[in-house]
A.B. asks: 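One structure coming up, written as structure tokens, with questions to follow.
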Amino acid sequence: FLSLRDKSYLDYVLFLICALSALALRRAQTNPILDLITFALATLMVVFLLRFTGSFLMAKAHAPRLDRILNGLQIGLGATGLLYIVSSRAILFIQIWFAMALFGLPVILITSLAAWRRGYRPARYFVLAQTILLVAFFYTLLAYLGYAPLIYAAYIPNIGVSLMVVLMSLALADRINTIRKERELAEAETSQRNRELVLLNQVIAATTTAVELEAVLETVCRELGRAF
């Protein structure tokens, strides 16, 4: 983050920290305080995932309406999560929270498809990651409704989340490579412009000192040879 100045990288790191922390607390011995901390971390995890989606996919440029929905989901999840904690764990707020969290998954997928259609290459990893995650949660839902084997329901969501993290890491690496190539191209163009300015200055200097035309042409040819 410090070297690239890319806030999507920071959002991704915070997402991973919250996800790993929530997973570790979930495996610990449960008690009311730890449950609330785990829920708070889960809320931050989803919020940072939505932030990462918006910043990484440049949703404001590629899909402005979806960007507003992503921002609204962040505010809504944060508000309902806070109300759930301070209201002695009222069922209504957790139901709203889950509804918004589940709604966020197809929104992320649609946003990544929109960015991909606009020619943004790293979005293809997002499309695959969200498709896998949606399939995993859909299977889990079918399993708990009795339409699929329940024995796999405890593992498939974890596998889906793990694959999503791997694919988003690949997407971030692709974005970093893209940014570096763009910077290298910009530096090359700047260097080319600087050489052209040097050439122009030398031509002007040669003409203002009343040097013969042949000497001016010689200077131009020499500098063009250096530039190209």
Side-chain angles (χ1 to χ4, degrees), residues 8 10-27 30 32 34-57 59 63 65-115 123 125-145 148 152-169 171:
S8 62
L10 178 61
D11 292 332
Y12 181 67
V13 170
L14 292 173
F15 160 73
L16 284 181
I17 290 173
C18 292
L20 294 174
S21 300
L23 183 61
L25 288 177
R26 184 182 175 187
R27 293 180 177 179
T30 59
L34 282 181
D35 288 345
L36 288 177
I37 294 174
T38 303
F39 175 75
L41 287 170
T43 301
L44 291 173
M45 176 191 73
V46 180
V47 168
F48 283 123
L49 175 60
L50 294 170
R51 283 178 54 84
F52 174 62
T53 300
S55 59
F56 178 84
L57 295 175
R65 293 182 180 178
L66 292 170
D67 182 64
R68 289 193 289 270
I69 294 175
L70 289 171
N71 292 332
L73 285 173
Q74 294 173 42
I75 296 171
L77 284 165
T80 52
L82 181 60
L83 288 171
Y84 174 73
I85 293 173
V86 301
S87 64
S88 301
R89 305 168 75 175
I91 298 299
L92 174 63
F93 295 124
I94 194 64
Q95 290 174 341
I96 297 174
W97 187 94
F98 271 114
M100 286 192 293
L102 291 175
F103 178 68
L105 295 179
V107 170
I108 293 174
L109 177 59
I110 295 170
T111 305
S112 58
L113 284 170
Y125 293 106
F126 247 79
V127 172
L128 184 57
Q130 295 307 310
T131 301
I132 291 173
L133 193 62
L134 282 172
V135 170
F137 278 102
F138 184 67
Y139 177 88
T140 304
L141 179 61
L142 291 178
Y144 282 109
L145 291 175
Y152 304 113
Y155 305 102
I156 287 183
N158 292 334
I159 294 173
V161 171
S162 299
L163 289 174
M164 182 192 72
V165 169
V166 171
L167 288 168
M168 288 199 305
S169 299

A.B. asks: Which pair of non-hydrogen atoms, one from Asp11 and one from Ser55, has the smallest distance, and what is that distance?
C.D. replies: OD2-OG, 3.4 Å
A.B. asks: In Å, rounded to the nearest 0.5 Å, how long is the span from CE of Met100 to CG of Leu73?
C.D. replies: 7.0 Å
A.B. asks: Please report the closest heavy-atom contact between Ala59 and Thr111, naming both atoms and the distance.
C.D. replies: CB-CG2, 3.9 Å
A.B. asks: So which heavy atom on Ala40 is nearest to which on Ile85, and how close?
C.D. replies: CB-CD1, 4.1 Å
A.B. asks: Would you name the heavy atoms of Ala42 and Ala22 that are closest together and state the gap between them?
C.D. replies: N-CB, 4.4 Å
A.B. asks: Could you grab the distance from atom OG of Ser87 to atom CZ of Phe93, nearest 0.5 Å is fine?
C.D. replies: 5.0 Å
A.B. asks: How long is the straight-line distance from OG1 of Thr43 back to CG of Leu82, given to the nearest 0.5 Å?
C.D. replies: 9.5 Å
A.B. asks: What's the shortest heavy-atom distance between Phe56 and Ala171, and which atoms?
C.D. replies: CZ-O, 3.2 Å
A.B. asks: Do Met164 and Ile132 make a side-chain contact, defined as non-hydrogen atoms from C-beta onward lying under 4.5 Å apart?
C.D. replies: no
A.B. asks: Do Tyr12 and Phe52 have ring centroids that are under 6.0 Å from one another?
C.D. replies: yes
A.B. asks: Nearest 0.5 angstrom please: Leu163 CG to Ile156 CD1, how far?
C.D. replies: 11.0 Å
A.B. asks: Going by the salt bridge (charged side-chain N to carboxylate O under 4.0 Å, His left out) test, which pairs reach into residues 102-112, not counting sequence neighbours?
C.D. replies: none
A.B. asks: Report the C-alpha separation of Phe126 and Leu109 in whole Å, then their side-chain angles, then the decisive distance to 0.1 Å, and conclude whether the side chain to side chain contact (heavy atoms under 4.5 Å, CB included) test is met.
C.D. replies: CA-CA 7 Å; Phe126 247 79; Leu109 177 59; over 6 Å; no
A.B. asks: Checking side-chain contact (heavy atoms from CB on, under 4.5 Å) between Phe15 and each of Leu50, Leu49, Val46, which is the one that passes?
C.D. replies: Leu49
A.B. asks: Using a 4.5 Å cut-off on heavy atoms from C-beta on, say whether the side chain of Tyr84 contacts that of Thr80.
C.D. replies: no
A.B. asks: Check whether any side-chain heavy atom of Ser112 lies under 4.5 Å from a side-chain heavy atom of Thr53, and answer yes or no.
C.D. replies: no
A.B. asks: To the nearest 0.5 Å, tell me how far Leu34 CG sits from Leu41 CG.
C.D. replies: 10.5 Å
A.B. asks: Nearest heavy-atom pair of Ala114 and Leu66: which atoms, and what distance?
C.D. replies: CB-CD1, 4.4 Å
A.B. asks: Side chains of Ile69 and Phe103: does their closest heavy-atom pair fall under 4.5 Å?
C.D. replies: yes
A.B. asks: Hey, what do you get for CZ (Arg51) to CG (Asn71), rounding to the nearest 0.5 Å?
C.D. replies: 8.5 Å
